[in-house]
Number of protein chains: 4
Amino acid sequence: MATARRQRKDAARNALLVLEAAAQAFGVGGLAVDMREIARQAGVGIGTLYRHYPTKEELLVAVLQADIAAWTERTSTVDTADAYAALRSYVAATLSTLAERRTLLDGLAVGDVAAPAFAACGEHLRTTLAPLVARAHTDGVLRADVTMEDVGLLIVALSRVVQVAPTAWERQLDLALTGYRA
Amino acid sequence: MATARRQRKDAARNALLVLEAAAQAFGVGGLAVDMREIARQAGVGIGTLYRHYPTKEELLVAVLQADIAAWTERTSTVDTADAYAALRSYVAATLSTLAERRTLLDGLAVGDVAAPAFAACGEHLRTTLAPLVARAHTDGVLRADVTMEDVGLLIVALSRVVQVAPTAWERQLDLALTGYRA
Amino acid sequence: MATARRQRKDAARNALLVLEAAAQAFGVGGLAVDMREIARQAGVGIGTLYRHYPTKEELLVAVLQADIAAWTERTSTVDTADAYAALRSYVAATLSTLAERRTLLDGLAVGDVAAPAFAACGEHLRTTLAPLVARAHTDGVLRADVTMEDVGLLIVALSRVVQVAPTAWERQLDLALTGYRA
Amino acid sequence: MATARRQRKDAARNALLVLEAAAQAFGVGGLAVDMREIARQAGVGIGTLYRHYPTKEELLVAVLQADIAAWTERTSTVDTADAYAALRSYVAATLSTLAERRTLLDGLAVGDVAAPAFAACGEHLRTTLAPLVARAHTDGVLRADVTMEDVGLLIVALSRVVQVAPTAWERQLDLALTGYRA
DNA sequence: GATGAATGAGGATTCATTCAT
DNA sequence: GATGAATGAATCCTCATTCAT
């Protein structure tokens with residue numbers, strides 16, 4: 001049993017090694033990366049990689065899910081003292097997550113396989129961002145016609161800035177948010 | 001002579017057909033598209049495709065150059081009556097060009113081959129956008145600390161909106177530009 | 001008519017230009033040379049090349065035939081004063097021809113198409129070399145058991161020396177011929 | 001460990017099968033042979049072929065190296081009882097090796113990749129042939145002015161005979177060697 | 001007759017995935 | 001469970017040859 005457990009531990013560790021290598025590799029080379037290269041960087045055989053992720057697509061989805069998990073965790077701890085600060089904090093946390101997660105940032109999606117992952121993403125947006133926007137409206141710190149969708153698109157827009165000029169997004173965020181303010 | 005010209009005309013037409021098919025195909029499938037598929041969609045043989053564009057890279061660059069040419073043309077006729085309107089018009093013209101040119105929008109670039117094309121792009125930005133920003137400052141319709149780079153990044157940012165929600169960019173542009181206003 | 005004649009002259013000239021370019025090109029790159037490259041070096045269009053030589057093979061055969069013609073001409077004027085000198089002169093003339101004709105030297109032959117050309121070659125060997133060998137035997141300057149075939153193979157052998165060390169064949173010829181002497 | 005070794009054994013066998021098929025194929029069709037055809041004749045998939053020899057060039061070089069190895073092995077056991085016999089034996093062993101190794105015989109070489117292989121070849125010539133020539137001189141069985149280079153060129157020359165008339169080289173060797181004798 | 005654009009079969013190589021060990 | 005050798009479909013590109021002008 002001890003052996004079995006040890007093996008399971010090793011297996012889990014391998015799965016993780018592959019996941020990290022894949023995140024790295026997809027971030028650098030996009031979908032074009034060679035599965036062998038990922039296996040190599042993970043320090044495992046190609047067979048091991050395929051045992052854990054039977055398909056390139058599934059591996060990508062796994063990376064995506066890990067990214068999204070990191071994001072939901074990061075954005076669940078926004079400081080809520082001030083309504084405007086809370087909103088800004090949420091957007092900033094999202095963008096800073098994207099800055100570290102190229103796969104998510106690049107929107108690497110593949111066919112319908114990634115759809116569920118992104119659906120979970122929208123779900124989280126609705127449950128966490130909506131209250132913040134509502135409160136901002138209540139507190140009168142947001143233009144009345146600005147919706148949650150607008151803020152979502154703001155994030156989407158600034159994600160490109162993150163991609164192109166990784167240090168410039170904070171300034172652009174503040175410039176743009178000025179336009180959203182009441 | 002007339003004969004020779006006629007042939008060239010046909011050849012030129014084929015080159016154009018290939019270019020259009022490629023723009024379409026790259027826009028849909030990214031760099032992964034099969035050269036044969038492009039040839040098929042252009043209605044020419046694969047050999048003809050390669051006669052005009054000896055490499056996949058070169059074909060992509062040609063598409064990029066056509067996109068950029070379309071953009072420079074479109075942005076050279078901005079209404080200059082009002083400084084703010086002129087600036088907005090420039091950004092809007094750029095974004096609407098991107099909306100029709102997926103290759104450019106997706107920033108499909110390949111190694112160093114695309115670099116010159118994009119360099120021309122930056123060049124054009126500097127010569128056309130700079131005066132508009134300068135005039136906006138002179139006329140006092142732009143926050144004093146907003147630079148040409150900021151406007152460039154605004155375009156970059158909104159290009160993502162174009163990509164994700166092709167009809168929403170105009171509203172986002174006006175929202176954001178409010179923040180840039182003096 | 002003058003025009004017609006002029007055109008025929010031009011056509012003949014083109015055929016010759018192609019032949020020379022082909023001889024050069026095959027000599028350098030073997031059969032792998034691109035037909036377009038030959039046309040380019042001949043200064044004619046690819047269509048013109050194909051008008052004169054409908055096939056790569058046929059072009060090669062034409063080059064071969066020109067080579068063989070040069071050889072038969074060169075070897076028909078051997079000095080016949082002394083039987084041994086005549087024999088040596090014949091072999092030397094052959095080898096020096098080979099030294100200038102890479103296509104022939106490399107034995108570039110292709111399928112059955114080249115066979116007739118080489119048959120003519122053997123034919124010429126029999127009609128010109130045989131008498132020389134016979135006379136050498138009569139004059140007692142050649143070992144009695146040395147046949148025409150032996151001399152033929154001597155040529156074949158030394159042709160490789162010509163190929164590998166273009167200046168060394170004469171010495172090797174004299175060394176070897178010593179063994180053939182009575 | 002036993003497991004790993006077994007796999008390597010199979011892999012090694014495949015590598016060898018490919019090598020032999022390639023030697024055969026290059027010998028018949030020169031460099032023009034289709035890699036797929038080689039794989040087919042070896043009874044392996046094209047991917048397996050490429051796993052062992054990542055390039056057509058490298059496969060050719062491998063064939064060349066095997067040929068050269070066979071030659072060095074064959075020529076290291078020459079009978080040294082009599083100086084003249086030893087020399088003849090060396091040349092004969094070389095030629096009979098060539099008779100079985102078309103790739104080497106045809107001098108199939110490709111760019112600079114084959115250069116090292118052939119360099120090793122010249123090296124071996126110098127270390128094994130030189131002493132034989134020296135001893136022949138000492139024993140007075142070789143014309144004083146005949147050098148190692150002459151013998152080398154004799155081999156080169158007769159290799160063409162091997163190519164053209166595979167059964168005639170021995171007679172030609174003896175004829176020619178007579179000229180080299182003291 | 002000359003030209004060169006068009007054609008497409010053919011050939012080298014890569015890479016996702018399977019499977020024997 | 002891990003490994004990596006084997007597989008072959010897919011893809012880029014070349015080049016002999018044809019044909020419209």
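Across the protein-nucleic acid pair, Asp10(B) atom CG and dG4(E) atom C1' stand 12 Å apart, rounded to whole Å. At whole-Å resolution of the value, OH in Tyr53(B) and P in dA6(E) are 11 Å apart. Glu57(A) places its CD atom 14 Å from the C1' atom of dT17(E), with the value rounded to the nearest Å. The CD1 atom of Ile38(B) sits 12 Å away from the C1' atom of dC12(F) (whole-angstrom rounding). If you measure from atom CG of Leu31(A) to atom P of dC15(E), you get 14 Å, rounded to the nearest angstrom. Here dA6(F) presents its C1' atom at 17 Å from CZ of Arg40(D), a figure rounded to the nearest Å. Atoms CD (Glu37(B)) and C1' (dC12(F)) sit 15 Å apart, rounded to a whole Å. Rounded to a whole Å, the CG atom of Leu60(A) is 13 Å from the P atom of dA16(E).
Checked against side chain to side chain donor-acceptor pair (under 3.5 Å), Gln24(C) has no partners two or more places apart in sequence or in another chain. In terms of the side chain to side chain contact (heavy atoms under 4.5 Å, CB included) criterion, residue partners of Arg40(A) (sequence neighbours excluded) are, by chain and number, Arg36(A), Glu37(A). Listed by chain and number, the residues in a side chain to side chain contact (heavy atoms under 4.5 Å, CB included) with Tyr50(D) are Met35(D), Ile46(D) (sequence neighbours excluded). For Asp34(D), the salt bridge (charged side-chain N to carboxylate O under 4.0 Å, His left out) test picks out no residue, with sequence neighbours left out. Residues forming a side chain to side chain contact (heavy atoms under 4.5 Å, CB included) with Gln65(D) (at least two apart in sequence, or on another chain): Val61(D), Ala117(D). The side chain to side chain contact (heavy atoms under 4.5 Å, CB included) check on Thr103(C) picks up Phe26(C), Leu60(C), Val63(C), Leu64(C), Asp67(C), Leu108(C), with sequence neighbours excluded. For Glu100(B), the salt bridge (charged side-chain N to carboxylate O under 4.0 Å, His left out) test picks out Arg74(B), with sequence neighbours left out.
Between the side chains of Arg102(B) and Gln163(B), no donor-acceptor pair of N or O atoms lies under 3.5 Å.
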Dot-bracket assigned to DNA chain E with the 3.5 Å Watson-Crick/G-U criterion, [ ] for crossing and | for other-strand pairs, is .||||||||||||||||||||

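Interatomic distance, OG of Ser159(C) versus CG of Leu98(C), reported as 6.0 Å (0.5 Å rounding). Expressed to the nearest 0.5 Å, how far CG of Leu19(A) lies from CG of Leu59(A) amounts to 7.0 Å. Atoms CD1 and NZ, from Ile38(D) and Lys56(D) in turn, are 7.0 Å apart once rounded to the nearest 0.5 Å.
Taken residue by residue, residues 17-29 of chain D places no heavy atom nearer than 4.0 Å to DNA chain F. Applying a 4.0 Å cut-off to non-hydrogen atoms, the residues of residues 42-50 of chain D that approach DNA chain F are Val44(D), Gly45(D), Ile46(D), Gly47(D), Thr48(D), listed by residue number.
For Tyr53(C) (side chain) and Val18(C) (main-chain N/O), no donor-acceptor pair under 3.5 Å exists by modelled atom type.
Considering only side-chain N and O atoms, Asn14(A) lies under 4.0 angstrom from the phosphate OP1 or OP2 of dA2(F). Residue His52(A) places none of its side-chain N or O atoms closer than 4.0 Å to OP1 or OP2 of dG1(F).
Residue Arg36(B) has its side chain nearest to dC13(F) when only dT13(E), dA16(F), dC13(F) are considered. If you check dA16(E), dT17(F), dA12(E) against the side chain of Met35(A), the one that comes closest is dA16(E). Ranking dA2(E), dT17(E), dC15(E) by closeness to the Ala11(C) side chain, first place goes to dA2(E).
Between Ala15(D) and Asp34(C), it is Ala15(D) whose nearest contact on DNA chain F lies nearer the 5' terminus.
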